[in-house]
Amino acid sequence: MEPVEIEAKTLIQKSKTPSNDYVINPYTGCVLGCAYCFASFAGRRFGRSVKEWGDYLYVKKNAVELARTELAKMPEHKRQGTILLSSVTDPYQGHETKYRLTRGILNELEAVAYPGLVRVLTKSPIVTRDIDLLTSLPRAEVGMTVTTADDKVSRWLEVRAPLASRRLRTLAELKEAGIPAYAFVGPLLPHFATRPELLDDLFGRLVDAGVSEVFMEHINLKPYIRERMDQVLAEEPEEVREAYLQARTKEHRERLDAIVADLLTKHGLGLRFEEVVHHDDNDALRQRPTPST
Ligand code: SF4
């Protein structure tokens, strides 16, 4: 798959979520192609369907210049805002090694000593390439998405993402480098409700990697996401399909919440926002951060 290079008109966008003020997406699309990705709508303006998610990438080749110009115009009081890299793409997917857009943007933030929090969210060990910039910024943190400790499950759902075991090692490397890092356990996989020992194992590994705080989110199974999930689930046994069907119910979420609460206490882990975020059309929680990566 050849990426398509484009000229973007703007880069730093206001965030619709309360915990981030701005979002930066250097790419449209994400070749990691996770089955559960909520961002699979993002290619619509290029005429890309949800089912094509993971098979295309648009590269905003002028992203670094835009970051420089937009930061220069940003008034001082707005520079206090938290910037998330990224909300609908992974800023460190493999093509970043060639294009270096995320690095270029961090470099621009570092050049103006951006005083607000720069929050990076990724599944990729490529983030360690930029430890020099992340440690030079006044305030930076990295979230690493880890949904399972089982590489087979990771390969099944997070089709081309770095394996879970590699991400755990990356978290340890970030911690060693002194960068504040947390784990994003999202989506919280439905089978943990019947196999809590697997979540127990995951939490144990996160603690071993030096993590002290997790951000957790229940699986989002809105119809457009199910369109892709159903393709993956079609080949799975009945009990797996059933677990994902049950995941839409309040009872399921409450059962998982209770398991999570016990295991957080057992492992001494903190929970960001003090709750497992979930997506329900009638629920204000959907206004919480909805990172995709
Ligand atoms: S969940 Fe993140 S890493 Fe996975 S496809 Fe979506 S944006 Fe990419």
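All values below were derived from every heavy atom in this structure, side-chain atoms included, with hydrogens, water molecules and symmetry-related copies excluded. Computed from a predicted model, the values in this text were never measured in an experiment. The first residue in the sequence is number 1, and the count goes up from there.
Side-chain N or O atoms of Thr102 include one that pairs as donor or acceptor with a backbone N or O of Pro91 at under 3.5 Å. For the pair Arg167 (side chain) and Thr145 (backbone), a donor-acceptor distance under 3.5 Å is present. Under a 3.5 Å cut-off, the side chain of Asp151 and the backbone N or O of Ala164 do form a donor-acceptor pair. A donor-acceptor pair under 3.5 Å links the side-chain atoms of Asn220 to the main chain of Lys222, judged by distance alone. With Asn25 contributing its side chain and Ser87 its backbone, the two residues share a donor-acceptor pair below 3.5 Å. Looking at Ser124, its side chain never comes within 3.5 Å of a backbone N or O of Gln93 through a donor-acceptor pair. Counting only distance, with no hydrogens or angles, the side chain of Ser15 and the backbone of Thr17 share a donor-acceptor pair below 3.5 Å. No donor-acceptor pair closer than 3.5 Å links the side chain of Thr148 to the backbone N or O of Val153. Under the 3.5 Å distance criterion, the side-chain polar atoms of Asn20 are left unmatched by any main-chain donor or acceptor of Thr82.
Counting only heavy atoms from C-beta outward, the side chains of Pro180 and Val142 never approach each other to under 4.5 Å. A 4.5 Å side-chain heavy-atom check between Ser19 and Arg119 finds at least one atom pair inside the cut-off.
We find that Lys123 and Asp90 are not joined by a salt bridge, their nearest charged nitrogen and carboxylate oxygen being 4.0 Å or further apart. Between Glu251 and Arg255 there is no salt bridge, since no side-chain N of the basic residue sits under 4.0 Å from a carboxylate O of the acidic one.
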Discussion item. I'd like to know whether Arg103 forms a side chain to side chain contact (heavy atoms under 4.5 Å, CB included) with Leu133, so could you lay out the CA-CA distance, the side-chain angles of the two residues, the decisive distance to 0.1 Å, and finally the verdict.
Written reply: CA-CA 8 Å; Arg103 183 168 177 86; Leu133 290 172; 3.6 Å; yes
Worksheet entry | Stepwise side chain to side chain contact (heavy atoms under 4.5 Å, CB included) test for Val185 and Phe215 | CA-CA 6 Å; Val185 183; Phe215 168 31; over 6 Å; no
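Stacking of Arg272 on the aromatic ring of Tyr182 is recorded, both the 6.0 Å distance cut-off and the 45° axial limit being met.
Among residues two or more places apart in sequence or in another chain, the salt bridge (charged side-chain N to carboxylate O under 4.0 Å, His left out) test is passed with Arg205 by Asp201. Checked against salt bridge (charged side-chain N to carboxylate O under 4.0 Å, His left out), Arg195 has the following partners two or more places apart in sequence or in another chain: Glu197. Every residue meeting the salt bridge (charged side-chain N to carboxylate O under 4.0 Å, His left out) condition with Glu173, not counting sequence neighbours, appears here in chain and number order: Arg166. Shown here are the salt bridge (charged side-chain N to carboxylate O under 4.0 Å, His left out) partners of Arg129, two or more places apart in sequence or in another chain: Glu96. For Glu7, the side chain to side chain donor-acceptor pair (under 3.5 Å) partners at least two apart in sequence or on another chain are Asn62. In this view, Tyr244 satisfies the side chain to side chain donor-acceptor pair (under 3.5 Å) rule with no residue, not counting sequence neighbours.
Under the salt bridge (Lys or Arg N to Asp or Glu O under 4.0 Å) criterion, the residue pairs touching residues 259-268 are Asp200-Lys266, with sequence neighbours excluded. For the side-chain hydrogen bond (donor to acceptor under 3.5 Å, both in side chains) condition, the pairs that include at least one residue of residues 64-73, sequence neighbours left out, are Arg68-Glu108. The list of salt bridge (Lys or Arg N to Asp or Glu O under 4.0 Å) pairs with a residue in residues 76-86, not counting sequence neighbours, is empty. Sorted by first then second residue, the salt bridge (Lys or Arg N to Asp or Glu O under 4.0 Å) pairs that include residues 46-59, not counting sequence neighbours, are Arg48-Glu52, Asp55-Arg160.
Within the model, atoms CD1 of Ile225 and SG of Cys37 stand 8.0 Å from one another, a figure rounded to the nearest 0.5 Å. For the atom pair Leu202 CG and Leu198 CG, the distance stands at 9.0 Å (nearest 0.5 Å). A distance of 12.0 Å separates CG in Leu171 from CD in Glu176, rounded to the nearest 0.5 Å. Atom-to-atom distance recorded for Lys152:NZ and Leu163:CG is 11.0 Å, nearest 0.5 angstrom.
Membership of the apolar cluster around Trp53 extends to Val4, Ile6, Phe46, Tyr56, Tyr58, as traced through chained side-chain contacts below 4.5 Å between ILVMFWY residues.
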Just list the side-chain donor-acceptor pairs under 3.5 Å for residues 230-240, sequence neighbours left out, or say none.
{"unit_1": "Glu236", "atom_1": "OE2", "unit_2": "Trp156", "atom_2": "NE1", "d": "3.2"}
{"unit_1": "Glu238", "atom_1": "OE1", "unit_2": "Arg241", "atom_2": "NH2", "d": "2.9"}

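Residue Arg155 qualifies as enclosed at atom CZ: its count of foreign heavy atoms under 6.0 Å is above 12.
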